[in-house]
Asker: 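The structure under discussion is supplied below as structure tokens; questions concerning it will follow.
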Amino acid sequence: MNNVEIVILANSVKHHQHCVAGKCTATGQWVRPVSDANGAELSHAQAQCQNPHGTFNVKPLQKVLMGFSTHVPLAHQPENYVIDGSMWRQNYRISDGELNQYLDQPGDIWGHADRVPHALILSGQIVVGQSLYLIAVDNLNLYRNQHDRRRASFSYRGTGYDLAVTDPNFDRITQNNEEVKGILCVSLGEEYQGDCFKLVATVF
């Protein structure tokens, strides 16, 4: 899988490194580049792409050509692909207005809680067809809770959610009162103390 063009929809924080994800422009399918078969995060160097101006960290809305060595689906993250180590190359970008073309329309976000029990996924009682969604939400509120954790509360199809945010731009958006479109990239995270938490990876 060489030279697959991906629209970047997330470059979020994972273990102080990078969790990158996007949709293939040819198929519309989600792709999560990972560094090993266990779905490990990408280093700063691995999450970079080249363009005529130099080498930079990939950013949401960029179209990036990537190479992959193998598909390594996990029960909770079926879109994982191991990168092949080649340098990514930026190939223009999409506009904010084009985001709507990439929206998903799930009935809910892996249920209505803020997490999914990993055991239920492994046993097949909960089947994760995809662990990433790009969704338009209502009543979005970005805030810090009493533990100073970054959170997003919103409603989707009439159901209220309150999820952790891993978007590195959270502080800039909230401190500058930036206007947001109400489109979120949400991801099902890795197993942590028995659960896979739902995360807001990007706020558009």
Side-chain angles (χ1 to χ4, degrees), residues 1-37 39-73 77-104 130-136 142 150 152 165-187 189 199-204:
M1 282 185 58
N2 288 322
N3 291 332
V4 179
E5 187 181 70
I6 307 293
V7 172
I8 303 295
L9 296 170
N11 182 2
S12 63
V13 180
K14 179 179 178 183
H15 302 312
H16 305 290
Q17 301 281 328
H18 299 264
C19 182
V20 174
K23 285 192 173 185
C24 175
T25 57
T27 66
Q29 298 297 306
W30 280 99
V31 174
R32 180 187 285 105
V34 295
S35 60
D36 65 28
E41 62 277 5
L42 302 178
S43 69
H44 298 306
Q46 289 170 325
Q48 291 185 328
C49 66
Q50 285 182 340
N51 65 27
H53 304 288
T55 303
F56 306 91
N57 272 330
V58 295
K59 293 182 178 140
L61 305 181
Q62 288 178 334
K63 294 161 81 171
V64 177
L65 293 169
M66 302 180 178
F68 302 101
S69 60
T70 185
H71 184 205
V72 288
Q77 290 183 343
E79 311 87 348
N80 291 3
Y81 289 81
V82 175
I83 57 174
D84 68 3
S86 60
M87 175 57 74
W88 298 349
R89 304 190 73 81
Q90 185 182 348
N91 190 22
Y92 305 109
R93 69 194 299 279
I94 68 169
S95 68
D96 280 351
E98 294 175 87
L99 262 181
N100 289 332
Q101 301 173 24
Y102 296 90
L103 286 175
D104 297 299
Q130 62 187 79
S131 67
L132 293 151
Y133 290 126
L134 186 71
I135 53 173
L142 304 176
R150 298 171 179 87
V165 180
T166 55
D167 186 336
N169 296 314
F170 177 95
D171 291 343
R172 190 200 74 218
I173 293 169
T174 53
Q175 289 168 8
N176 297 335
N177 289 319
E178 293 183 17
E179 187 174 344
V180 294
K181 296 174 66 68
I183 293 177
L184 304 177
C185 175
V186 291
S187 172
L199 307 169
V200 174
T202 318
V203 177
F204 289 104

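The model shown is predicted, which means the values in this text are computed figures rather than measured ones. For the single chain, residues carry numbers from 1 onward in sequence order.
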Asker: Does any pair with a residue in residues 5-18 pass salt bridge (charged side-chain N to carboxylate O under 4.0 Å, His left out), and if so which ones, sequence neighbours excluded?
Answerer: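 Found K14-E190.
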
Asker: Just so I know, are the side chains of I173 and L142 near enough to count as touching, which here means a heavy-atom distance under 4.5 Å?
Answerer: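 Counting from C-beta outward, I173 and L142 do come under 4.5 Å.
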
Asker: With a 3.5 Å distance limit and no angle check, can you tell me whether T202 reaches the backbone of L9 through a side-chain donor-acceptor pair?
Answerer: yes

Asker: What's the separation between atom NZ in K59 and atom SG in C49, rounded to the nearest 0.5 Å?
Answerer: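 Reported to 0.5 Å precision, the distance equals 9.0 Å.
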
Asker: Between CG of L103 and CD1 of I135, what distance do you get to the nearest 0.5 Å?
Answerer: 9.0 Å

Asker: Between S86 and D84, which heavy-atom pair has the shortest distance, and what is it?
Answerer: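 Here S86 and D84 meet closest at OG-OD1, 2.6 Å.
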
Asker: What pair of heavy atoms forms the shortest contact from T55 to Q48, and how long is it?
Answerer: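 Scanning both residues completely, I find the closest heavy atoms to be CG2-OE1, 3.4 Å.
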
Asker: What heavy-atom pair brings P73 and P78 nearest, and what distance separates the two atoms?
Answerer: CB-O, 3.5 Å

Asker: Only one of T70, V31, V72, V34 forms a side-chain contact (heavy atoms from CB on, under 4.5 Å) with Y81, so which one is it?
Answerer: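 Option passing the side-chain contact (heavy atoms from CB on, under 4.5 Å) with Y81: V31.
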
Asker: Mind listing the closest non-hydrogen atom pair of W30 and L134 along with its distance?
Answerer: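 Closest approach of W30 to L134: CZ2-N, 3.6 Å.
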
Asker: Working note: D36 + V82, criterion side-chain contact (heavy atoms from CB on, under 4.5 Å); need CA distance, chi angles, decisive distance, verdict.
Answerer: CA-CA 6 Å; D36 65 28; V82 175; 5.5 Å; no

Asker: Would a 4.5 Å heavy-atom cut-off, applied to side chains only, mark F68 and I83 as touching?
Answerer: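 Answer yes - side chains close enough.
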
Asker: Taking side chain to side chain donor-acceptor pair (under 3.5 Å) as the definition, give me every residue that meets it alongside W88, ordered by chain and number, with sequence neighbours left out.
Answerer: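 Side chain to side chain donor-acceptor pair (under 3.5 Å) check on W88 returns nothing, list empty.
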
Asker: Classify the ring geometry between H18 and H44 as parallel (under 30°), tilted (30 to 60°) or perpendicular (over 60°).
Answerer: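 The arrangement is perpendicular - the two ring planes meet at more than 60°.
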
Asker: When rounded to the nearest 0.5 angstrom, what distance separates CG in N11 from CG in N169?
Answerer: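 N11 CG to N169 CG: 9.0 Å, rounded to 0.5 Å.
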
Asker: Backbone N or O of I94 within a donor-acceptor pair of the K63 side chain at under 3.5 Å?
Answerer: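 Looks like no, no N/O pair under 3.5 Å.
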
Asker: Answer yes or no: is there a side-chain heavy-atom contact under 4.5 Å between I6 and T25?
Answerer: no

Asker: Can you name the closest pair of heavy atoms from R93 and Q62 and give their distance?
Answerer: CB-CA, 3.8 Å

Asker: Is there a side-chain contact between L199 and V165 in this structure, where contact means two heavy atoms from C-beta onward sitting under 4.5 Å apart?
Answerer: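 No, too far: nothing below the 4.5 Å cut-off.
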
Asker: Between R172 and D167, is the salt bridge (Lys or Arg N to Asp or Glu O under 4.0 Å) condition met? List the steps.
Answerer: CA-CA 10 Å; R172 190 200 74 218; D167 186 336; over 6 Å; no

Asker: Examine distances only and state if a side-chain atom of D96 and a backbone atom of L99 form a donor-acceptor pair shorter than 3.5 Å.
Answerer: no

Asker: Does a donor on one side chain sit under 3.5 Å from an acceptor on the other, for R89 and Q50?
Answerer: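 There is such a pair between these side chains.
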
Asker: Are side-chain N/O atoms of S35 and E41 paired as donor and acceptor at under 3.5 Å?
Answerer: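 Note: S35 and E41 side chains miss the donor-acceptor criterion.
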
Asker: Considering only heavy atoms from C-beta outward, does the side chain of L42 approach that of P33 to under 4.5 Å?
Answerer: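 With C-beta onward as the side chain, the pair touches.
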
Asker: State, with a plain yes or no, whether a side-chain heavy atom of S187 is found less than 4.5 Å away from one of S12.
Answerer: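 Side chain of S187 against side chain of S12, heavy atoms only: no contact under 4.5 Å found.
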
Asker: Is there a donor-acceptor pair closer than 3.5 Å between any side-chain N or O of Q130 and the backbone N or O of L132?
Answerer: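 Side chain of Q130 to backbone of L132, a donor-acceptor pair under 3.5 Å: yes, one is there.
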
Asker: What's the spacing between M66 CE and Q46 CD if we round to 0.5 Å?
Answerer: 11.5 Å

Asker: Is there a side-chain contact between R32 and Q77 (heavy atoms, below 4.5 Å)?
Answerer: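 They are in side-chain contact.
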
Asker: Verify, without hydrogens or angle tests, whether N176 (side chain) and E178 (backbone) share a donor-acceptor contact under 3.5 angstrom.
Answerer: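 Absent.
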
Asker: Are any non-hydrogen side-chain atoms of L61 and F204 less than 4.5 angstrom apart?
Answerer: yes

Asker: Side chains of T174 and R150 only: does a donor on one sit below 3.5 Å from an acceptor on the other?
Answerer: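 Side-chain D/A pair, T174 to R150: absent.
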
